[in-house]
Undergrad: 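The structure that follows is given in the form of structure tokens.
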Amino acid sequence: MSIFRRNKNQAAEDQQADDAVTPEDVAAEDGWADGAAGDDSAHAAEDDPADTAGHERPEATTTEPAPSLGRGPFDASEVEDSSGRLDLGALWIRGLPGMELRLEVEEESQNIVGATAVLGDSAVQLQAFAAPRSMGIWDEIRAEIAESIVGQGGTADEQRGVLGTELRTRMPSAGPDGRTVFAPARFVGVDGPRWFLRAVFSGRAAIEDEAAAELMDVVRQTVVVRGDAAMAPRDLLPLRLPQEVADAQAEAEADAEGTTRSADDLNPFERGPEITEVR
């Protein structure tokens, strides 16, 4: 296993070079990049029955999102533990042979803000967010993403997918020769109990269902750990470096002679994916 350290700007450049939309660009347009809630008061309200002014919120018209009923993605209440999955805190991810897992670290805060599974020439970025207790937020978020992309000259079309309504998009950007190129991306959202999981497919998986099949299974096997802490809707659920990797890094740094097993030699999946820390 290899661990590389790159900043978010370098990661975005790599993604654009692969003709993949940069989810952070879309999130920034929506006002909640890296999971931060925007200025809209509806996004800043705490996840409890009353708003910040102490007034009762109107009763929601939609029903509370149900657990996956065995289809996945799963709520932590539906599984016994993280066995067979890599524990990233809010996300437990099951790997595939040959898959690389990239963890994106926000340079200023040093917080992990996303996990991207890469398999061949396809990738899927996973992020989990807090959601209201009484309703899902994917319909609202999907509309915001579509409006942002269309406003930048791209296209956004809703389609029915294996996990419900998804968004197939093409985002314009400047190519190496100065011409406008359109990078495809496929946005999939899942509303769970007090959480929302967003998966952004890029590469071949953004346009070919067959290429996306294995990574879609990674999404469906993912477990979201919401926790009990009160959080504003759309706040990013906290991710962390896997304990196995953190321990190996500590050992490598403490061993001045370099004889201890380093983090580069450790594969937290035993036979599964590589893990890359993107800074």
Side-chain angles (χ1 to χ4, degrees), residues 1-3 23 34-35 47 65-106 110-119 122-131 136-138 162-164 187-201 205 212-229 231 234-249 263 266-278:
M1 183 203 67
S2 300
I3 294 182
D34 294 340
D47 185 17
S68 64
L69 302 178
R71 296 186 297 269
F74 300 96
D75 183 72
S77 64
E78 299 178 87
V79 298
E80 292 185 3
D81 52 43
S82 62
S83 298
R85 295 176 172 89
L86 187 63
D87 184 351
L88 302 178
L91 294 176
W92 297 348
I93 298 177
R94 176 168 292 169
L96 297 173
M99 189 182 95
E100 179 185 0
L101 189 65
R102 299 174 182 171
L103 302 182
E104 184 177 312
V105 180
E106 202 280 321
Q110 294 299 295
N111 292 329
I112 297 176
V113 296
T116 299
V118 181
L119 192 61
S122 295
V124 61
Q125 183 201 53
L126 294 170
Q127 292 179 300
F129 303 87
I137 58 177
W138 175 224
V162 296
L163 292 177
F187 291 81
V188 175
V190 179
D191 288 310
R194 300 176 63 229
W195 53 258
F196 166 69
L197 179 68
R198 186 179 67 177
V200 186
F201 291 82
E214 288 187 291
L215 288 177
M216 184 65 75
D217 190 56
V218 172
V219 176
R220 295 181 67 171
Q221 290 297 322
T222 295
V223 175
V224 180
V225 184
R226 168 60 177 83
D228 297 326
M231 299 179 68
R234 302 193 184 205
D235 273 1
L236 186 68
L237 298 186
L239 299 175
R240 59 174 172 77
L241 197 65
Q243 191 61 47
E244 300 93 330
V245 178
D247 290 346
Q249 284 185 326
L266 179 67
N267 188 338
F269 283 100
E270 302 285 349
R271 302 180 302 277
E274 295 181 347
I275 180 168
T276 302
E277 186 179 351
V278 180

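We use all heavy atoms of the structure for the numbers below, so side chains are in, but hydrogens, waters and symmetry mates are not.
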Undergrad: For Trp138, enumerate each residue passing the side-chain hydrogen bond (donor to acceptor under 3.5 Å, both in side chains) test, keeping only those at least two apart in sequence or located in another chain.
TA: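 Applying side-chain hydrogen bond (donor to acceptor under 3.5 Å, both in side chains) to Trp138 gives none.
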Undergrad: Side chains of Arg194 and Met231, heavy atoms from C-beta outward: is any pair under 4.5 Å?
TA: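 SC-SC contact between Arg194 and Met231 ruled out.
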Undergrad: Kindly indicate, with the supporting measurements, whether the criterion side chain to side chain contact (heavy atoms under 4.5 Å, CB included) is fulfilled by Val224 and Leu91.
TA: CA-CA 5 Å; Val224 180; Leu91 294 176; 4.1 Å; yes
Undergrad: Which distance, rounded to the nearest 0.5 Å, do you find between the CZ of Arg94 and the CE of Met99?
TA: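 So the CZ of Arg94 and the CE of Met99 are separated by 11.5 Å.
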Undergrad: Can you name the closest pair of heavy atoms from Leu236 and Ala128 and give their distance?
TA: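 Closest approach of Leu236 to Ala128: CD1-O, 3.4 Å.
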Undergrad: Are side-chain heavy atoms of Arg240 and Asp87 found at a separation under 4.5 Å?
TA: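 Yes, side chains in contact.
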Undergrad: Can you see which heavy atom on Ala205 is nearest to which on Ala212, and at what distance?
TA: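 Shortest heavy-atom contact: O-CB, 3.5 Å.
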Undergrad: Of the options Val218, Val188, Leu163, Leu126, which is the one that meets Pro73 in a side-chain contact (heavy atoms from CB on, under 4.5 Å)?
TA: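 The side-chain contact (heavy atoms from CB on, under 4.5 Å) with Pro73 is passed solely by Leu163 among Val218, Val188, Leu163, Leu126.
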Undergrad: Taking the side chain as every heavy atom from C-beta outward, state whether Leu101 and Leu88 have any atom pair closer than 4.5 Å.
TA: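 Yes - at least one pair of side-chain heavy atoms lies under 4.5 Å apart.
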Undergrad: Do Val223 and Asp75 have side chains that get closer than 4.5 Å, going by heavy atoms?
TA: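 Contact flag for Val223/Asp75 side chains = no.
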Undergrad: Give me the atom names and distance for the closest heavy-atom approach of Ile137 to Ala131.
TA: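 Distance-wise, the nearest heavy atoms are CD1-CB, 4.2 Å.
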Undergrad: Is there a donor-acceptor pair closer than 3.5 Å between any side-chain N or O of Arg71 and the backbone N or O of Phe74?
TA: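 Between the backbone of Phe74 and the side chain of Arg71 there is no qualifying donor-acceptor contact (under 3.5 Å).
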Undergrad: To the nearest 0.5 Å, tell me how far Trp195 CH2 sits from Leu237 CG.
TA: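 Between atom CH2 of Trp195 and atom CG of Leu237 there are 9.5 Å.
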Undergrad: Before you tell me yes or no, could you show the steps for Gln125 and Arg102 under side chain to side chain contact (heavy atoms under 4.5 Å, CB included), namely the whole-Å CA-CA distance, both residues' side-chain angles and the distance that decides it to 0.1 Å?
TA: CA-CA 9 Å; Gln125 183 201 53; Arg102 299 174 182 171; over 6 Å; no
Undergrad: Nearest 0.5 Å, please: how far is CG in Asp235 from CZ in Phe129?
TA: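 Going from CZ on Phe129 over to CG on Asp235, the span is 9.5 Å.
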Undergrad: Kindly give the heavy-atom pair with the smallest separation between Val118 and Ala123, and that separation in Å.
TA: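 Reported closest heavy-atom pair: CG2-CB, 4.0 Å.
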Undergrad: Got a sec, which residues hit side-chain hydrogen bond (donor to acceptor under 3.5 Å, both in side chains) with Glu214, two or more places apart in sequence or on another chain?
TA: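 None.
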Undergrad: Are the side chains of Ile112 and Leu241 in touch, meaning some heavy atoms are under 4.5 Å apart?
TA: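 In short, these two side chains touch, coming nearer than 4.5 Å.
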Undergrad: Measure the shortest side-chain to side-chain distance between Gln221 and Trp92 over non-hydrogen atoms and say whether it is less than 4.5 angstrom.
TA: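 Not in contact.
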Undergrad: Quick one: CG on Leu239 to CD on Glu106, what's the gap to the nearest 0.5 Å?
TA: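 Reported value, rounded in 0.5 Å steps: 13.0 Å.
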